[in-house]
Visitor: 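My structure is below; once you've seen it, I'll send some questions.
Atoms within each ligand, like the ligands themselves, are counted from 1 in listed order.
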Amino acid sequence: MFIEYIVGLSGLIAAGLFIYGLKAMSSPVTAVSGIVTAGYGMVFVVGATFLNLFNVSPDARPHLLVNVALAVVALLLGCLWTGWRGRTVQMTAMPQMVAIFNGMGGGSAASLAAVSLLSDHATSGLHLSVTIVGALIGCISFTGSIIAWAKLDGRMRKPVRFGGQRIFNAALFLISLVLGALTVMQYGTPEGVLPGILFFGAALLFGVCMTLPIGGADMPVVISLYNAFTGLAVGLEGYVMGNPALMIAGMVVGSAGTLLTALMAKAMNRSLTNVLFSNFGDTASSAKGPEGEMKSADPSDAATSMRYASSVIIVPGYGLAVAQAQQKLYEFVKMLVADGVDVKFAIHPVAGRMPGHMNVLLAEAGVPYDMIYDMDDINDSFATTDVALIIGANDVVNPEALTDKSSPIYGMPILNAYKSRQVFVIKRGSGTGYSGVQNPLFFQKNCTMVFGDAQAVLSKMVEAVKALGTA
Ligand code: NAP
């Protein structure tokens, strides 16, 4: 009784730590402490679960000991693998790591459902139905996240589409539902086994089929959606297992993921149904690209222009993360500010490869938050700004999103860098952005390319401003 009380209380304390941690993660200032707090919550509740060992009759203890040994092995393997990956992962590979970890959460929820069904854990029709719904969502999140991982990791470069795909997907979803219903209705009978197995297979396959046709530019919405799915599946299975900590943690993740999905969809100016079912944005339609020539300049010329400008807006993108040039960039910015230039950073909500990617990079370099502006707050300022400096960004400044209906990014709001008097773009070559389309901005009269790795170019720009001396 006492142990039951302690385990129950630990779940409540852990849930409190999760909620506090999540709140702290909403600001870059407190984000690290938020992650650590939520981590403590997880350690606490996992540790307390082992107390159940002392809460069973002596007869049942040997059986439970086997389960505990299996759990310890799983924990050790998980801790070693994630500890190693967490330490060694490149910042640029974080999004795909998040995708795969999210998939593991969905897979765990689906496994819990399978174990619950196999062990006759379900006690009522409602219980069974919740188990099946959680399993369906968990399976979709598991295989969908694996496909998202493959896309983010560059292993799957093009959306996979075929004629009648939407009808095929709808039929597969319907079949999953029917098999799920049959599993519930025939539960506990030998006839219920086959529909149960087929249900899991169909749900896993649906996760794959649902994600295959989605274009690269829509991945931010998809990742957030699967995050919400995993949370929901975990919450539902928490109900099935009668575990309040799991329920609360799942619902917190589910609702945070849902809000993030809504924010990402808004940032892309797309409805969720449009992202999931429109098969929009086949890059082939816009593969022709703009015509004309790109002009280029040396880093020192670009740096000199900015040193004598009165206002500069910097647009960071994925390439800044690849080059890990955030420290050099801030060194350059501090020199401009010391010389009286008004410098601001403009952040697009889907710049980089994960929500908040650019904010994290700039925070890491120590850029003050009052220099960083969200898209809606700064977009009107580009037209009256001397220089827009684009560093490793492409899709988020592509004016084609405003004009070309066949473009994969059509409708996505962009940072209006193209309106500035002068635009400098630092990138290595004429490569396209994540969506695979060329950017007409780079061919505009007011645009000059500064070719090279962002780290190398910014180092040269710092040297050039140093050579000019202070104003
Ligand atoms: P982007 O469109 O992917 O463009 C990045 C550019 O950086 C490339 O054109 C590349 O050109 C350049 N680059 C790469 N390495 C570089 C280096 N070392 N130095 C200098 N430049 C370098 O990036 P974005 O403008 O940030 O747009 C983000 C895209 O990712 C959007 O399409 C968005 O939908 C998608 N996405 C976002 C998320 C999210 O949650 N934020 C998740 C998934 C997908 P070169 O090769 O010529 O150098």
Visitor: Can you name the salt bridge (charged side-chain N to carboxylate O under 4.0 Å, His left out) partners of Asp153, sequence neighbours left out?
Guide: Arg155

Visitor: Please report whether ligand 1 has a polar contact with Met264, defined as an N or O pair separated by less than 3.5 Å (distance criterion only).
Guide: no

Visitor: Under a 3.5 Å distance rule, please check whether Asn416 uses its side chain to pair with a backbone N or O of Lys419 as donor and acceptor.
Guide: no

Visitor: Check this for me - ligand 1, Ile409, N or O atoms closer than 3.5 angstrom, yes or no?
Guide: no

Visitor: Backbone or side chain, does any N or O of Pro355 fall under 3.5 Å from an N or O of ligand 1?
Guide: yes

Visitor: Looking at ligand 1, does Pro95 have a heavy atom less than 4.0 Å from it?
Guide: no

Visitor: Cut-off 3.5 Å, side chains only: do Ser300 and Asp298 have a donor facing an acceptor?
Guide: no

Visitor: Is Arg428 in polar range of ligand 1, meaning some N or O pair under 3.5 Å apart?
Guide: yes

Visitor: Geometry only, no angles: is Ala454 polar-contacting ligand 1 at N/O separations under 3.5 Å?
Guide: yes

Visitor: Tell me whether ligand 1 is touched by Thr432 - counting only heavy atoms on the residue side and a distance under 4.0 Å.
Guide: yes

Visitor: Atoms of ligand 1 less than 4.0 Å from Gly317 heavy atoms?
Guide: 26 (O)

Visitor: Looking only at N/O atoms, are Val322 and ligand 1 under 3.5 Å apart anywhere?
Guide: no

Visitor: Please test Asn446 against Gln444 for side-chain hydrogen bond (donor to acceptor under 3.5 Å, both in side chains), starting from the C-alpha separation and ending with a verdict.
Guide: CA-CA 6 Å; Asn446 62 340; Gln444 257 182 218; 2.7 Å; yes

Visitor: Against ligand 1, does Leu152 come closer than 4.0 Å with any heavy atom?
Guide: yes

Visitor: More than 12 heavy atoms of other residues, nucleotides or ligands under 6.0 Å from CZ of Phe101: is that the case?
Guide: yes

Visitor: Assess His357 for proximity to ligand 1: is some non-hydrogen atom of it under 4.0 Å away?
Guide: no

Visitor: For Glu463, enumerate each residue passing the salt bridge (charged side-chain N to carboxylate O under 4.0 Å, His left out) test, keeping only those at least two apart in sequence or located in another chain.
Guide: Lys466

